[in-house]
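Scroll down for the structure; my scribbles are underneath it.
Sequence lines set the chain letters: A, B, ... in the order given, protein chains first and strands last, and positions in each chain run from 1. Keep in mind the model is a prediction, meaning the values are calculated, not measured. Reckoned from all heavy atoms, side chains included, excluding hydrogens, waters and symmetry mates.
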Amino acid sequence: MPEGHTLHRLALTLDRAFAGTRPRASSPQGRFVDGAALIDGRLLERAEAWGKHLFLVFEGDVILNIHLGLIGVLDVTGYEGVVPAPVGAVRLRLVGERHVADLRGATVVEIVTPEEMDATLARLGPDPLRAGTESNEPERALARMARTGRTFAETLMDQSVIAGVGNLYRCEVLFRHRVDPFRPAKEIRPATFLRIWDDLVDLLAIGVAFGQIITMEHQLEEAREILRGLDESASDAYRHHRLTLVDWQGRDEAEAGGRPAYERSGPFPREYAVYQRNGEACYTCGSRIRTRVVAGRNLFWCGRCQRRR
DNA sequence: GTTTAATGGGTAT
DNA sequence: TACCCCTTAAACT
């Protein structure tokens with residue numbers, strides 16, 4: 001399920017599975033029949049992610065735009081021999097020589113023009129997974145934050161301020177930096193925000209590599225250790241477009257014998273500092289984790305560790 | 001068997 | 001702020 005790391009991992013996975021080929025497209029569920037017909041057998045040039053938006057660019061300026069929304073899933077799996085039958089409400093299926101991609105539950109599945117794609121991108125704030133590239137600098141987010149009366153927790157969910165961060169990364173990164181979620185965004189010190197940005201660049205990249213959100217320090221240390229073992233230059237290799245993909249057993253996907261790169265869950269058990277821990281004791285100070293709906297989603301935070309200073 | 005919640009986001013009120 | 005869309009699985013009765 002989808003925050004920015006999911007879409008970037010999918011873009012890389014789809015690129016490896018289908019770019020340069022002409023996958024067959026269909027809509028087993030029947031709700032994307034016309035769109036599927038437009039891309040069926042068409043050459044896929046590349047797959048790209050920006051924030052939580054995914055684009056499959058086919059030849060002839062035909063672009064498939066996918067947004068998974070809250071519950072959408074895009075499964076990419078490998079097969080040999082017979083193509084497996086679709087299970088459930090598969091709105092779009094792509095079939096290649098050795099891979100099948102099944103899309104379910106997405107809020108946006110549509111064919112767009114390059115101009116429409118550009119218009120979508122123009123509405124997005126900087127994406128930490130594209131840090132260091134054109135107009136993806138944190139200063140742009142800071143400028144937006146300085147002009148709003150909203151709380152920091154609200155702006156972290158606003159894709160036009162910062163692209164790719166969702167509710168889980170929001171809760172956890174606020175805790176990691178001991179920031180009061182209800183502090184007005186304009187009062188956050190730039191140095192504090194830049195530290196948070198750098199942390200998000202690291203956290204999201206690790207999320208891409210493992211296909212899961214990892215925010216607990218002991219798990220992060222293990223994750224970084226695995227990445228170092230896979231690639232001596234991992235410290236910058238897992239940034240930008242040279243991200244290492246690790247399968248569910250912690251193996252480098254490329255070295256795992258062509259096994260499917262994308263798995264629904266990674267090798268680490270789900271464990272978070274505050275997310276969905278309402279009423280439980282904070283691991284740091286012991287006080288009870290609290291929750292409240294902020295920007296339409298359940299925010300979780302420690303009222304003591306994240307008290308305004 | 002039915003209800004609810006889930007890592008989103010758009011539109012109406 | 002409310003309600004809508006998308007789908008599935010876990011948590012209820």
| message | I want to check one thing: is the phosphate of dA5(B), taken as OP1 and OP2, less than 4.0 Å away from some side-chain N or O of Asn298(A)? | response | no
| Can you tell me how far P of dG9(B) sits from CD of Glu154(A), to the nearest Å? | 15 Å
| How far, in whole Å, is dG9(B) from dA9(C) if one measures between their P atoms? | 23 Å
| request: Compare side-chain N and O positions of Arg104(A) against OP1 and OP2 of dT8(C) and report whether any pair is under 4.0 Å apart. | output: yes
| Taking the P atom of each, how far is dT13(C) from dA5(B), in whole Å? | 13 Å
| If we take the P atom in both dG1(B) and dC6(C), what is their distance in whole Å? | 24 Å
| Please give, in whole Å, the distance from dA6(B) C1' to Met157(A) CE? | 12 Å
Sequence neighbours left out, cut at 3.5 Å: what donor-acceptor pairs do the side chains of residues 163-174 of chain A make with other protein atoms?
unit_1: Asn167(A); atom_1: OD1; unit_2: Arg170(A); atom_2: NE; d: 3.1
unit_1: Asn167(A); atom_1: OD1; unit_2: Arg170(A); atom_2: NH2; d: 2.7
unit_1: Asn167(A); atom_1: ND2; unit_2: Asn298(A); atom_2: O; d: 2.9
unit_1: Arg170(A); atom_1: NH1; unit_2: Ala153(A); atom_2: O; d: 3.0
unit_1: Arg170(A); atom_1: NH1; unit_2: Val294(A); atom_2: O; d: 3.1
unit_1: Arg170(A); atom_1: NH2; unit_2: Val294(A); atom_2: O; d: 3.1
unit_1: Glu172(A); atom_1: OE1; unit_2: Thr215(A); atom_2: OG1; d: 2.8
unit_1: Glu172(A); atom_1: OE1; unit_2: Ala273(A); atom_2: N; d: 3.0
unit_1: Glu172(A); atom_1: OE2; unit_2: Ala273(A); atom_2: N; d: 3.3
unit_1: Glu172(A); atom_1: OE2; unit_2: Val274(A); atom_2: N; d: 2.9
unit_1: Glu172(A); atom_1: OE2; unit_2: Tyr275(A); atom_2: N; d: 2.9

| When the P atoms of dG10(B) and dT8(C) are considered, how many whole Å apart are they? | 23 Å
| message | What's Arg123(A) touching, base or sugar-phosphate or nothing? Going by heavy atoms closer than 4.0 Å. | response | nothing
| said: Check the phosphate of dT7(C) against Arg31(A), side-chain N and O only, distance under 4.0 Å to OP1 or OP2. Yes or no? | reply: yes
| query | Under 4.0 Å between a side-chain N or O of Arg297(A) and OP1 or OP2 of dG8(B)? | reply | yes
| said: Does dA5(B) have OP1 or OP2 under 4.0 Å away from a side-chain N or O of Gln276(A)? | reply: no
| message | What is the separation between atom CG on Leu7(A) and atom P on dG8(B), rounded to the nearest whole Å? | response | 10 Å
| Ion pair present between Arg130(A) and Glu48(A), side-chain N to carboxylate O less than 4.0 angstrom? | yes
| request: For Leu168(A) and dG8(B), give me the distance from atom CG to atom P, rounded to whole Å. | output: 8 Å
| task | Answer yes or no: does a side-chain N or O of His67(A) lie under 4.0 Å from OP1 or OP2 of dG8(B)? | result | no
| Presence of Gln29(A) side-chain N/O under 4.0 Å of dT7(C) phosphate oxygens OP1/OP2 | yes
| task | Please determine, for the side chain of Ile71(A), which listed nucleotide (dC5(C), dT8(C), dA6(B)) has the closest atom? | result | dA6(B)
| message | Would Arg195(A) pass as a cation-pi partner of Phe193(A), given that its NZ or CZ must be under 6.0 Å from the six-membered ring centre and within 45 degrees of the axis? | response | no
| message | Is Gln159(A) close enough to dG9(B) that one of its side-chain N or O atoms is under 4.0 Å from OP1 or OP2 there? | response | yes
| message | Nearest whole Å is fine: how far is dA6(B) P from Arg170(A) CZ? | response | 12 Å
| What nucleic acid atoms does Gly166(A) come within less than 4.0 Å of, heavy atoms only: base, sugar-phosphate, or nothing? | sugar-phosphate
| query | If we take the P atom in both dC4(C) and dT3(B), what is their distance in whole Å? | reply | 16 Å
| query | Base, sugar-phosphate alone, or nothing: which one does Gly88(A) contact when heavy atoms must sit under 4.0 Å apart? | reply | sugar-phosphate
| Ring-face cation contact, Phe58(A) with Arg22(A), 6.0 Å cut, 45° max | no
| task | Take atom CG of Leu124(A) and atom P of dG8(B), then tell me their distance rounded to the nearest Å. | result | 14 Å
| request: State which residues pass side chain to side chain contact (heavy atoms under 4.5 Å, CB included) with Asp180(A); sequence neighbours excluded, sorted by chain then number. | output: Phe182(A), Arg183(A), Arg308(A)
| request: Send over the distance from Arg270(A) CZ to dA9(C) C1', rounded to a whole Å. | output: 13 Å
| query | Would Glu222(A) and Arg224(A) count as a salt bridge (Lys or Arg N to Asp or Glu O under 4.0 Å) if you check the C-alpha gap in whole Å, the side-chain angles of each, and the deciding distance to 0.1 Å? | reply | CA-CA 5 Å; Glu222(A) 192 182 336; Arg224(A) 294 187 189 103; over 6 Å; no
| Rounded to whole angstroms, how far apart are CZ on Phe300(A) and C1' on dA6(B)? | 11 Å
